[in-house]
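Data block below; observations after.
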Amino acid sequence: MRGSAAYDTIGVGYASARRPDPRITARIVEALGDARRVVNVGAGTGSYEPAGRAVVAVEPSAVMLAQRGDDAAPVVRGFAEALPFPDDAFDAAMGVLTVHHWTDLDAGLAELRRVAPRRVVLGFDEPRVSSSFWLVSDYFPETSAIESARAPQLDQLVDGLGANRIEVVPVPHDCTDGFAGAYWRRPEAYLDPVVRAGISSFAEMDDAELEPGLTRLRADLESGAWHERHAALTELDEIDLGYRLIITD
């Protein structure tokens with residue numbers, strides 16, 4: 001299940017679970033440089049759309065479109081693989097955690113370069129790094145297979161965009177955006193079904209698939225085993241879980 005079909009099913013309540021983190025926003029804004037005209041592809045509910053710029057959003061899912069706030073950028077319903085804009089229409093194209101839902105990666109990357117040949121900024125979760133995250137390795141190894149099956153490799157994006165910069169996006173311990181790695185220092189959050197509903201790999205699993213991992217996590221939190229095993233994490237303010245900005249300029 002990919003693209004609009006996926007988020008028409010799992011996207012309900014996404015706006016409340018996925019609130020942009022200001023520190024991540026600052027990194028994206030810096031990567032966009034002085035671009036004034038920006039297209040946000042796979043824009044969802046409008047997270048990370050930079051203020052003070054002429055932003056146009058593209059989103060295929062009607063469920064996600066319905067959750068965009070009054071202050072969100074103007075939006076058109078469309079797909080990354082066939083953007084409804086002329087060549088060189090924008091100073092920059094951006095997309096945040098979206099490429100794993102595209103149906104044709106090469107076509108989507110080519111479209112970004114076509115409409116914004118001067119700058120592209122893509123936020124991406126690198127499965128080779130994120131698979132070692134304790135949530136995956138200790139409790140939900142199934143999510144690694146889900147992500148690996150749908151997510152491209154980093155070098156595919158770099159080559160497809162002709163990117164010349166890759167920046168690590170560390171996840172702060174109090175991250176406000178509820179993506180998969182956001183609660184790395186707040187493990188009890190993953191027991192909350194509202195939190196899991198905002199994480200696509202969890203939202204695509206049924207209760208029977210989730211229950212063994214939830215049972216192990218719940219037991220480890222109650223016994224103190226999780227805190228004993230991961231005590232070093234409580235000393236960290238941020239961590240690298242594989243989130244990257246891939247930048248072409």
Nearest-0.5 Å distance that lies between atom [atom1] in [X] and atom [atom2] in [Y]:
X	Y	atom1	atom2	result
Glu142	Glu209	CD	CD	7.5 Å
Ile199	Glu204	CD1	CD	12.0 Å
Tyr243	Asp177	OH	CG	8.5 Å
Arg19	Thr45	CZ	OG1	11.5 Å
Arg165	Ile247	CZ	CD1	4.0 Å

In this structure, would [X] and [Y] fall into the same cluster of hydrophobic residues linked by side-chain contacts under 4.5 Å?
X	Y	value
Val129	Leu245	no
Leu236	Trp226	yes
Val76	Leu83	yes
Leu233	Leu217	yes

Using 30° and 60° as the class boundaries, would you call the ring planes of Trp134 and Tyr139 parallel, tilted or perpendicular? perpendicular
Could you tell me how the ring of Phe90 sits relative to the ring of Phe85: parallel (under 30°), tilted (30 to 60°) or perpendicular (over 60°)? perpendicular
Can you confirm whether more than 12 heavy atoms, excluding those of Asp207, are under 6.0 Å from its CG atom? no
Within a radius of less than 6.0 Å around CD of Glu211, do more than 12 heavy atoms belonging to other residues, nucleotides or ligands occur? yes
[Y] side chain reached by [X] side chain, heavy atoms, under 4.5 Å:
X	Y	result
Arg113	Val120	yes
Ile24	Thr176	no
Val41	Trp102	yes

State whether [X] and [Y] are salt-bridged, where the test is any N-O pair (Lys NZ or Arg NE/NH1/NH2 against Asp/Glu carboxylate O) under 4.0 Å.
X	Y	value
Arg23	Asp174	yes
Asp138	Arg216	no
Glu111	Arg114	yes
Asp249	Arg119	yes

